[in-house]
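Here it is, the structure, as structure tokens.
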Amino acid sequence: MQKIEFAGRDARPIPLGLILVVAFLVHGPLLLMKLPLKSYDANFHIFFASQYSQHWFDPWNPKWYAGFSQTTYPPLPQQWVALASSVVGLDFAYMLVQFAAILLLAVGAYRFSRLWVSERAATMAALASVLLGSEAFLVYSAGQLSTTFAAPLYLNALPYLYEWLCERRWKSLVLGTVLAVAAAAAHHATLLFGAFLFAIPVLLLAMQDARESREFGVGGVLGRTVLATALVGALIAAVLLPFWIQLLRYPVTQTPIPHPSRSNFILSPQWGVNYFLVPYGALLLALPFIFLRGSSNPRLRPLLLGFWVAFLLGLGGTTPVARFLLGRAFQVLTMERFSYWATLLALPFIGLLAQELFDRFRWRAAAGLLVAAGCSCAIAVAWATYRPADAEDFKVDSAAAWLNRDGHDRFRYVTLGFGNKISRLSVLTNASSVDGEWNSGRMLPELTEHGAGALTSAKYFGSAGLDSLKAILQHGDRYGLKWVFVKDPYYEPLLVFSGWRKVDDLENKTITIWSKESVPPATPIDSPQRPLPWEGLLWGLLPMGSSILAILLVAVPAWSRTNRTVAARPEQVGRRDDLAMGRLIS
């Protein structure tokens, strides 16, 4: 078996530094334009970061739901935003952290792909990650900073853990463990669901290599897997201890809230475009190659398995697979993250396909691939403009200024028709609200008993949303709720019927303010969910400490020289290329 080689420059791998430059040229201007601020969840992450910037060791946030604990959401990306905001402000700090995640993805895609394909194909996979439609969709439309931050860390961790499994290198175990713990500190859903989709194929690959090698056996791989799992699990349990305490004491038992990513994309084609066609883009054209090559090459079969499961889960309610495999979690999770993970698992196949096309068609293939990848990225970015998360673009500065003056912030408020701008308003004002965008953090019975999300968008949840809004308006005295900011006149009849009256208006009367008499000032609610001081101390130290430790271990030159992934070692390259490219026989 002999792999195809070319003697010229065309056969060389793409320098990783050049790939990072391309990432800067593609995403740098978009981030400088602050396009992610228009995404669905960007302001949510900035709101969490604003709490850490002001109260690093106090995760109890009084601004939503009359008080909730931010230990219900792993803090690492938001803490980095908070840290950088002291220099460049919250908005630009968000762009910097998101850009770091994009660069980490390029490096992680290369290192992860190198487990499966040749170095040249792996660099092409890394280049493809820069233009990946799902990455652009999550960054510029969904705004899922935690997802785009955690997944690259796992991609960087797994090659080290593979090296530990196959070669018993303790330093690789340390590096892989630290990176995996940092990834867990970034996002709980990626830890509980996505990590398995990436880790199981790598474990199967290690077992497969063990059967083919005379140096180590399957039993040794399994034993080291148990040790690595126990070590990583123990450290994750310690670093996220306040999170586990909240999850065990107050599991998510609220009425499920509908989400379009769980729709049947055939019966609801508009959501199929949003959650399937746009994220996958031109990668859909490579599906036949992925299945044919993945099923025919034994080395690639574990990777195909992980991709196939993630692909089916990402289809939401289109097939019964997601509901069957996830159980009740299907009603809690949003499915676009599974499509994102599927595209990451497809990157080694994309790199291999790009290499084969280039070897056969040379620069014509290169031009076609760049056009296809560029269109995927461009369409995903344009989609965020064509179908923005919040169709109405308006400022909330005047509402924040109104709340911050004349003692108005002594009472709580709620907004109607503000969409995801309620997070931006919460950043700008000192007042507290009974609404919010983090459903798992809310404890008020008026909110948890109905299958609706944020009150500000109550009408979009049908009777469940309006019932929840009616309940909170009727019990406003209990929470010191005195102000209602209305951007959508649809809600005005309900306010009149519930005994509220108009008292002021803002922004050329496009925002009206409603009030209710005899409402007492808001008082702190003695919630059992409030973290203890030692929990706040751990929350402020351990997640950030895990990421700083990971940076130091990877950046120190001595460690970098002695802990290169197995894929980069010359004695392994030929064997892996032969295994991964078994169909390329000259």
Can you find a pair of side-chain heavy atoms, one from Val396 and one from Thr415, that are under 4.5 Å apart?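 No; the side chains remain at least 4.5 Å from each other.
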
Pair Ser515, Trp500 - check side-chain hydrogen bond (donor to acceptor under 3.5 Å, both in side chains), show working. CA-CA 6 Å; Ser515 179; Trp500 295 72; over 6 Å; no

So which atom in Ala66 and which in Ser432 form the shortest heavy-atom distance, rounded to 0.1 Å?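 What the structure gives for the nearest pair is CA-OG, 4.1 Å.
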
Show, in sequence, the C-alpha distance, side-chain angles and deciding distance for Ile236 and Trp244, and conclude whether the side chain to side chain contact (heavy atoms under 4.5 Å, CB included) test is met. CA-CA 10 Å; Ile236 290 175; Trp244 303 119; 4.1 Å; yes

Look at the rings of Phe48 and Phe68 and say which category their plane angle falls in: under 30° parallel, 30 to 60° tilted, over 60° perpendicular. tilted

Determine yes or no for a side-chain-to-main-chain donor-acceptor pair under 3.5 angstrom, with Ser546 supplying the side chain and Pro543 the backbone.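 Flag set: sc Ser546 to bb Pro543 pair under 3.5 Å.
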
Rounded to the nearest 0.5 angstrom, the NZ-NZ distance for Lys395 and Lys421 is 8.5 Å

Criterion side-chain hydrogen bond (donor to acceptor under 3.5 Å, both in side chains) on Asp505 and Thr512, from CA distance to verdict: CA-CA 4 Å; Asp505 58 72; Thr512 58; over 6 Å; no

How far does NZ of Lys516 sit from CG of Leu473, to the nearest 0.5 angstrom?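 Lys516 atom NZ to Leu473 atom CG measures 7.5 Å (nearest 0.5 Å).
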
Short side-chain to backbone donor-acceptor contact, His408 and Arg405, under 3.5 Å: yes

When the aromatic ring centroids of His187 and Phe149 are compared, is their separation below 6.0 Å?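 Ring centroids of His187 and Phe149 are no less than 6.0 Å from each other.
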
Check Leu240 against Pro74 and note the closest heavy-atom contact, atom names and distance. CD2-CB, 4.3 Å

Side-chain donor/acceptor of Trp56 to backbone N/O of Gly540, under 3.5 Å: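 Such a contact is found between Trp56 side chain and Gly540 backbone.
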
Do Ser268 and Ser263 have side-chain atoms, one donor and one acceptor, less than 3.5 Å apart? no

Nearest-0.5 Å distance, OG of residue Ser39 to CZ of residue Phe44: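 So the gap between those two atoms works out to 12.0 Å.
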
Any Thr147 side-chain heavy atom under 4.5 Å of Tyr340 side chain: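 Yes, side chains in contact.
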
Hey, is the main chain of Leu495 close enough, under 3.5 Å, to the side chain of Ser498 for a donor-acceptor pair? no

Do Leu37 and Met95 have side chains that approach each other closer than 4.5 Å (heavy atoms only, starting at C-beta)?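 Side chain of Leu37 against side chain of Met95, heavy atoms only: contact under 4.5 Å found.
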
Side-chain heavy-atom pair Tyr413, Lys482 within 4.5 angstrom cut-off: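 No - every pair of side-chain heavy atoms lies 4.5 Å or more apart.
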
For a quick check under 3.5 Å, do Tyr250 and Ser69 share a side-chain donor-acceptor pair by atom type? no

Can you check side-chain hydrogen bond (donor to acceptor under 3.5 Å, both in side chains) on Gln144 and Glu336, steps first, answer last? CA-CA 10 Å; Gln144 292 190 12; Glu336 72 274 15; 2.2 Å; yes

Heavy atoms from other residues, nucleotides or ligands near CZ of Arg323 exceed 12 (cutoff 6.0 Å): no

So how far is it from Ser146 OG to Asp41 CG, rounded to the nearest 0.5 Å? 9.0 Å

Residues Lys487 and Glu507 bridged, charged N to O under 4.0 Å: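 A salt bridge is absent here (no side-chain N lies under 4.0 Å from a carboxylate O).
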
Check Val427 against Ser50 and note the closest heavy-atom contact, atom names and distance. CG2-OG, 4.0 Å

May I ask you to test the Leu325-Phe330 pair for a side-chain heavy-atom distance under 4.5 Å?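 No; the side chains remain at least 4.5 Å from each other.
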
Aromatic ring centroids of Phe485 and Trp402 under 6.0 Å?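 Phe485 vs Trp402: aromatic centres under 6.0 Å.
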
Where does the angle between the aromatic ring planes of Phe411 and Trp483 fall among parallel (under 30°), tilted (30 to 60°) and perpendicular (over 60°)?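 Rings of Phe411 and Trp483: perpendicular, over 60°.
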
Nearest heavy-atom neighbours spanning Val139 and Pro36: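 In terms of heavy atoms, the two residues are closest at O-CB, 3.7 Å.
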
Taking only Lys NZ, Arg NE, NH1 and NH2, and the carboxylate oxygens of Asp or Glu, determine whether Asp91 and Arg424 approach each other closer than 4.0 Å. yes

d(Leu155 CG, Leu179 CG) to nearest 0.5 Å is 11.0 Å

In sequence, state the C-alpha distance, the side-chain angles, and the governing distance for Leu173 and Leu231, and then conclude on side chain to side chain contact (heavy atoms under 4.5 Å, CB included). CA-CA 9 Å; Leu173 174 62; Leu231 178 62; 4.1 Å; yes

Quick one: pull up CG in Leu333 and NE2 in His259 and give me the separation to the nearest 0.5 Å.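 It is 10.5 Å, given to the nearest 0.5 Å.
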
Check whether the side chains of Glu446 and Ser468 place a donor and an acceptor atom closer than 3.5 Å, and report yes or no. no

Does some side-chain heavy atom of Asp467 sit less than 4.5 Å from a side-chain heavy atom of Phe461?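 No. Closest side-chain heavy atoms not under 4.5 Å.
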
side-chain hydrogen bond (donor to acceptor under 3.5 Å, both in side chains) between Ser433 and Arg412, intermediate numbers included: CA-CA 5 Å; Ser433 175; Arg412 293 193 173 99; over 6 Å; no

Testing the basics here: between Trp80 and Ser547, what is the closest heavy-atom pair and its distance to 0.1 Å?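 Distance-wise, the nearest heavy atoms are NE1-OG, 3.2 Å.
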
Taking atom types as modelled, find out whether Thr456 and Asp435 have a side-chain donor-acceptor pair closer than 3.5 angstrom.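 No donor-acceptor contact under 3.5 Å links the two side chains.
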
Show your working on side chain to side chain contact (heavy atoms under 4.5 Å, CB included) between Leu416 and Asp488 and close with a plain yes or no. CA-CA 6 Å; Leu416 296 174; Asp488 187 347; 5.7 Å; no

Does Tyr94 have its ring centroid less than 6.0 Å away from the ring centroid of Phe99?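 Tyr94 vs Phe99: aromatic centres not under 6.0 Å.
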
Close side-chain approach of Tyr52 and Trp539, heavy atoms under 4.5 Å: yes

Around Phe57, counting heavy atoms of other residues, nucleotides and ligands shown, do more than 12 lie under 6.0 Å from its CZ? yes

Residues Ile472, Tyr479; criterion side chain to side chain contact (heavy atoms under 4.5 Å, CB included); working and verdict: CA-CA 9 Å; Ile472 206 72; Tyr479 304 114; 3.9 Å; yes

Test applied, ring-ring contact (aromatic ring centres under 6.0 Å, His included); reference residue, Trp64; option that passes from Tyr73, Trp438, Phe47: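 Single ring-ring contact (aromatic ring centres under 6.0 Å, His included) partner of Trp64 among Tyr73, Trp438, Phe47: Phe47.
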
Do you know the tightest heavy-atom contact between Trp514 and Val486?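 In terms of heavy atoms, the two residues are closest at CD1-CG2, 3.6 Å.
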
Return yes if a side-chain donor-acceptor contact under 3.5 Å exists between Trp383 and Ser141, otherwise no. no

Considering only heavy atoms from C-beta outward, does the side chain of Ile245 approach that of Thr71 to under 4.5 Å?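 Not touching, per the 4.5 Å side-chain cut-off.
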
Treating Tyr275 as the side-chain partner and Phe265 as the backbone partner, does any N or O pair qualify as donor plus acceptor under 3.5 Å? no

Can a side-chain donor-acceptor contact be found between Ser423 and Glu437 if the only test is distance below 3.5 angstrom? yes

